[in-house]
Amino acid sequence: MSTSKKLDEITELALLLQNSWQGITIDEMMVKLERSNRRAIERLMEVIKEKFGNRLELVPHKTDRKNHWRLKKGSMNFLVTFSDLELSKLQKLSNSIKNEGERKSVLDIIEKIKALNPTNTHETDIDILLESQGLAVRQYQKENIDSDIINKIAYTLQSEQKLKILYLDSDFTVEPYGIKIADNHYLIGKENNKIKTFKISRIQTADVLEGEYFDKDEDFDIQEYCNRSFGVYSGKVEEVVVKFSPQTAAGASNYHFHPTQKGNFNDDGSYTLTFYASGSFEIVTELLKWREGVKVIAPKSLKEEYEKTVKLMYKNIMEG
């Protein structure tokens, strides 16, 4: 076998090992690489062990007694990179998407790519590229997130291993369940047998507890958990009803407020929106963007909080 072909096989095998979170056996490697010679695969594995050292690991398996191998998450990521220009082009394309919900989904994907990109692209670099093309840079809250922490979170999400974090000067051992992207990035996980939410930018350090695996709670649905809240924190879920004026109805009908939303146009051209969520502070903050074009109908507590917020804003103006 030529050196070039052997290198290709080593690379292909390494990628297979990284992409298999349950691990793969020698027999499975033979099938995937279309090799009938077991010894040939074993020789390739010897090279992998030599080159990757402790990044190659055995995965405990409950169904059989065979050795299941995998490479730790990120071991081969250096083979895939995205340049600042490529990321700026993706962001430029996202600006052409008219549906707000779909555009937000694409922007979330771009954020994930940037977080995992080995080149550690800076947000400011992308902003400069966009501005040089005559494009307006979107408004957003900047976060100071350590790429190493993001990589460790991603790894534990895939491998279902526990993560020890230093959060606001306190230690927590977390069983990661997922990441929620709202106004900021949040880690959702179980800590001390309770589901909790951690703002990722406030995680000071993170360490993977290698070999400390956990079984996810099958009764916990992270999507349902996120759907219960308007923003980040979950509380009492209530039916929210708001009415948009005829002037803002068209924009509101095409805007993604919440996964449970339903709406209908009224005879006078206004638009009534209904959804089920908690998080009155965040709901009020969102509705204030629509200025005089929105009216809170229910629940009473939300209506009162909205009116209180508006009155305080008016008071600040009068005292200004």
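Residues take their numbers from the sequence shown, with the count starting at 1.
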Only distances under 3.5 Å count here; give the side-chain donor-acceptor pairs of residues 291-301 to other protein atoms, sequence neighbours excluded, each with its distance to 0.1 Å.
none

Checklist entry - When clusters are formed by joining ILVMFWY residues with side-chain heavy atoms under 4.5 Å apart, either directly or through shared neighbours, do Leu17 and Val31 land in the same one? => result no

Checklist entry - Heavy atoms, side chains only, cut-off 4.5 Å: are Ile179 and Tyr186 in contact? => result no

Checklist entry - Just how far is it from atom CG of Leu166 to atom CZ of Phe172, taken to the nearest 0.5 Å? => result 9.0 Å

Next on the checklist: Show the nearest heavy-atom pair for residues Asp217 and Tyr177, with the distance to one decimal.
Outcome noted: N-OH, 2.8 Å

Checklist outcome for this item: So ring-ring contact (aromatic ring centres under 6.0 Å, His included) across residues 288-313, not counting sequence neighbours, yields Phe244-Trp290, Tyr255-Trp290, Phe257-Trp290

Checklist entry - Less than 4.0 Å between a side-chain N and a carboxylate O, is that true for Glu42 and Arg38? => result yes

Next on the checklist: For the NZ atom of Lys32 and the CG atom of Leu15, what is their distance to the nearest 0.5 Å?
Outcome noted: 12.5 Å

Checklist entry - Any side-chain heavy-atom pair from Phe220 and Lys190 closer than 4.5 angstrom? => result no

Item to check | Residue pair Gln161 / Pro176: nearest heavy atoms and the distance that separates them | outcome: O-CD, 3.6 Å

Checklist entry - Does the pair Asp268 and Ser270 meet the rule for a side-chain hydrogen bond (donor to acceptor under 3.5 Å, both in side chains), with working shown? => result CA-CA 6 Å; Asp268 62 353; Ser270 62; 2.6 Å; yes

Item to check | Heavy-atom side-chain contact between Leu163 and Phe198 under 4.5 Å | outcome: no

Checklist entry - Roughly how far apart are Ile48 CD1 and Leu13 CG, rounded to 0.5 Å? => result 5.0 Å

Checklist entry - Are any of the side-chain heavy atoms of Val242 and Ile283 separated by less than 4.5 Å? => result no

Item to check | Minimum side-chain heavy-atom gap Lys303-Glu307 below 4.5 Å | outcome: yes

Item to check | Heavy-atom check, side chain of Ile195 versus side chain of Ile188, under 4.5 Å | outcome: yes

Checklist outcome for this item: d(Leu273 CG, Lys243 NZ) to nearest 0.5 Å is 13.0 Å

Checklist outcome for this item: Rounding to 0.5 Å, atoms CG (Leu187) and OH (Tyr167) come to a distance of 9.5 Å

Checklist entry - Does Asp169 have any side-chain hydrogen bond (donor to acceptor under 3.5 Å, both in side chains) partners at least two apart in sequence or in another chain, and if so, which? => result Gln204

Next on the checklist: Rounded to the nearest 0.5 Å, what separates atom NE2 in His185 from atom CD1 in Ile149?
Outcome noted: 13.5 Å

Checklist entry - Above 12 or not: heavy atoms from other molecules or residues under 6.0 Å from NZ of Lys164? => result no

Checklist entry - Side chains of Leu288 and Met313: closer than 4.5 Å at any heavy-atom pair? => result yes

